Amino acid sequence: MQDMDQSNQPQPLLDNGSLSFEITDVEGECQNDSCHLDSESICQAKEELERWEKKLDELEKEKAALICQKLDADAKKTEAENIIKIEQENSKHNRQKAEQSIKEMIHDKMQKYDKLKAELVQLENELQRKQDLCDSLRDKFKFKIKLPQMDMKFVKSKQNVPVDQETDEFLYTKGAYTIIPKMSVLLQNGQALITFEEEQVAHRLQRIGRHLVDLQSEKIQVNAHPVKLDATQHFEIHLDISMKKVRVSEIPDIIPEEQMRDKLEISFSKPSLGGGEVESISYSISSGTAEITFVDKWVARRVTELKKYPLLINGQIHCMLTVESIMNSCLQKFQIFNGVCKRTLLLSDIKSTMEEEELQDKLKIHFQKPSKQGGEVEDINYVPKEKHLLVYLEEDSSEK
């Protein structure tokens with residue numbers, strides 16, 4: 001029994017973790033210990049042992065697989081950590097690079113902004129300069145002309161056609177005005193303007209240039225220069241004055257538009273007031289003006305000569321309206337000239353203490369002498385020092 005007890009003690013595990021079983025001859029022990037076990041129990045024990053050994057092998061394989069999976073998971077974890085670290089470093093680098101790029105872009109934009117701002121200021125200054133120049137030129141070429149009073153004769157057209165066949169050209173009084181402004185030269189500080197009757201004389205004296213003038217009491221030297229004129233404008237103003245239409249203004253806004261149109265027609269239709277039969281009326285209540293067309297010609301002229309025309313409301317004069325002609329005007333043959341006088345010379349550097357009128361006569365005598373290459377003098381104007389004179393020149397056929 002003691003041997004039997006020793007055989008039932010727990011057996012140590014092998015190095016690989018498996019149990020070690022020592023199979024002894026049970027039958028022999030049984031015989032020695034007088035233990036009788038049947039063969040069926042022994043077979044079951046063996047089968048049980050084999051089953052446990054098989055399970056143990058499976059567990060060992062499962063353990064090895066788990067260890068491999070753990071190693072793979074650790075490797076993947078390490079790899080993932082490395083990837084994350086690299087991605088973080090790349091992300092940080094890309095972020096820094098993007099920030100630097102944005103800073104450079106902002107810097108470039110600011111430089112372009114400053115450059116464009118400077119260009120804008122420069123362009124604004126250039127625009128202002130050109131506007132000032134434009135204003136200066138506009139003022140220079142601006143003209144306000146008051147046409148002189150003169151008698152005008154209106155001649156009936158030679159074309160005789162029936163009234164019902166008259167076209168629009170017969171409904172206007174046409175006029176054309178040629179404007180030739182005077183040209184001026186400023187004389188100052190001992191200068192003189194001398195005009196000869198012949199161009200050849202002025203041309204000869206200009207070529208000589210410097211002239212010695214004997215004043216008897218003294219001799220002086222003067223210089224002869226061509227007279228360069230500023231830009232002048234020649235143009236024609238063409239006017240077409242309607243013989244059937246007038247413009248009426250200062251119409252009061254006191255009644256509705258349609259009623260006012262009727263009042264205007266009634267007022268301007270009365271021959272006793274200077275009117276005549278009205279063909280049509282174009283009335284604007286917002287501007288207080290109207291355009292009235294009469295049936296007969298010359299009524300418009302008769303009405304405009306009155307300048308003021310009564311507005312009748314309920315048979316009574318309510319107010320006086322302003323009446324004026326309707327004119328179509330246009331500018332034609334506009335030309336700008338920069339000319340040089342052909343018969344006139346400018347004498348400069350005249351230094352003398354002689355009286356103004358006497359010196360002027362001496363200069364005229366000198367430049368009339370054929371021996372001095374002179375000729376007949378038409379006019380002369382002298383201005384002593386510390387004085388000035390604005391001389392106007394008229395264009396003639398010899399100086400066009």
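These numbers were taken from a predicted model, which means no experiment stands behind them.
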Does any non-hydrogen side-chain atom of [Y] lie less than 4.5 Å from one of [X]?
X    : Y    : result
R301 : E305 : yes
N381 : D379 : yes
Y309 : V248 : no
V278 : T293 : no
V213 : Q221 : no
L273 : L306 : no
V323 : V303 : yes
H225 : Q206 : no

[X] side-chain N/O to [Y] backbone N/O, donor-acceptor pair under 3.5 Å:
X    : Y    : result
R204 : Q373 : yes
Q191 : Q188 : yes
H211 : L205 : yes
R302 : G275 : yes
N314 : Q316 : no
T78  : D74  : yes
Q360 : Y382 : yes
T195 : T344 : no

[atom1]-[atom2] distance between [X] and [Y], expressed to the nearest 0.5 angstrom:
X    : Y    : atom1 : atom2 : result
I365 : Q216 : CD1   : CD    : 8.0 Å
D262 : S267 : CG    : OG    : 10.5 Å
D361 : E355 : CG    : CD    : 12.0 Å
M260 : E265 : CE    : CD    : 13.5 Å
L312 : I317 : CG    : CD1   : 6.0 Å
K55  : D57  : NZ    : CG    : 12.5 Å

Of all the heavy-atom pairs spanning [X] and [Y], show the shortest one and how long it is.
X    : Y    : answer
L345 : A202 : CD1-O, 3.5 Å
K351 : E218 : O-OE1, 4.5 Å
L212 : H366 : O-CE1, 3.2 Å
R210 : N223 : NH1-OD1, 2.8 Å
P271 : S269 : CD-O, 3.0 Å
G276 : V299 : N-CG1, 3.8 Å

Under 4.0 Å between a side-chain nitrogen and a carboxylate oxygen: does that hold for [X] and [Y]?
X    : Y    : answer
K85  : E81  : no
E126 : R129 : yes
K103 : E99  : no
E198 : R343 : no
R261 : E258 : yes
E279 : K244 : yes
K308 : E250 : yes

Can you establish whether the number of heavy atoms outside [X] located under 6.0 Å from its atom [atom1] is more than 12?
X    : atom1 : value
Q111 : CD    : yes
E277 : CD    : no
M327 : CE    : no

Would you please name every residue forming a side chain to side chain donor-acceptor pair (under 3.5 Å) with S249, sequence neighbours left out?
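Per chain and number, S249 pairs via side chain to side chain donor-acceptor pair (under 3.5 Å) with no residue.
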Connecting only ILVMFWY residues whose side-chain heavy atoms lie within less than 4.5 Å of each other, what is the rest of L116's hydrophobic cluster?
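Grouped by the 4.5 Å side-chain rule, L116 forms a cluster of one, so the answer is none.
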In terms of side-chain heavy atoms, does E89 have a donor or acceptor partner in H93 at a distance below 3.5 Å?
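The criterion, which ignores hydrogens and geometry beyond distance, is not satisfied for H93 and E89.
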For L264 and L311, run side chain to side chain contact (heavy atoms under 4.5 Å, CB included): C-alpha distance rounded to whole Å, both residues' side-chain angles, the deciding distance at 0.1 Å, then the answer.
CA-CA 7 Å; L264 289 172; L311 173 63; 3.9 Å; yes
May I ask whether I266 and L321 are part of the same hydrophobic cluster, defined by side-chain heavy atoms of I, L, V, M, F, W, Y residues being less than 4.5 angstrom apart, directly or through others?
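No; L321 is not reachable from I266 via cluster members.
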Which is it for I220 and L215 under the side chain to side chain contact (heavy atoms under 4.5 Å, CB included) test, yes or no, and what are the steps along the way?
CA-CA 8 Å; I220 61 173; L215 304 179; 3.8 Å; yes
Report the C-alpha separation of E291 and I326 in whole Å, then their side-chain angles, then the decisive distance to 0.1 Å, and conclude whether the side chain to side chain contact (heavy atoms under 4.5 Å, CB included) test is met.
CA-CA 9 Å; E291 186 176 293; I326 293 181; 3.3 Å; yes
Step-by-step side chain to side chain contact (heavy atoms under 4.5 Å, CB included) determination, K342 to H203:
CA-CA 8 Å; K342 295 181 180 180; H203 185 64; over 6 Å; no
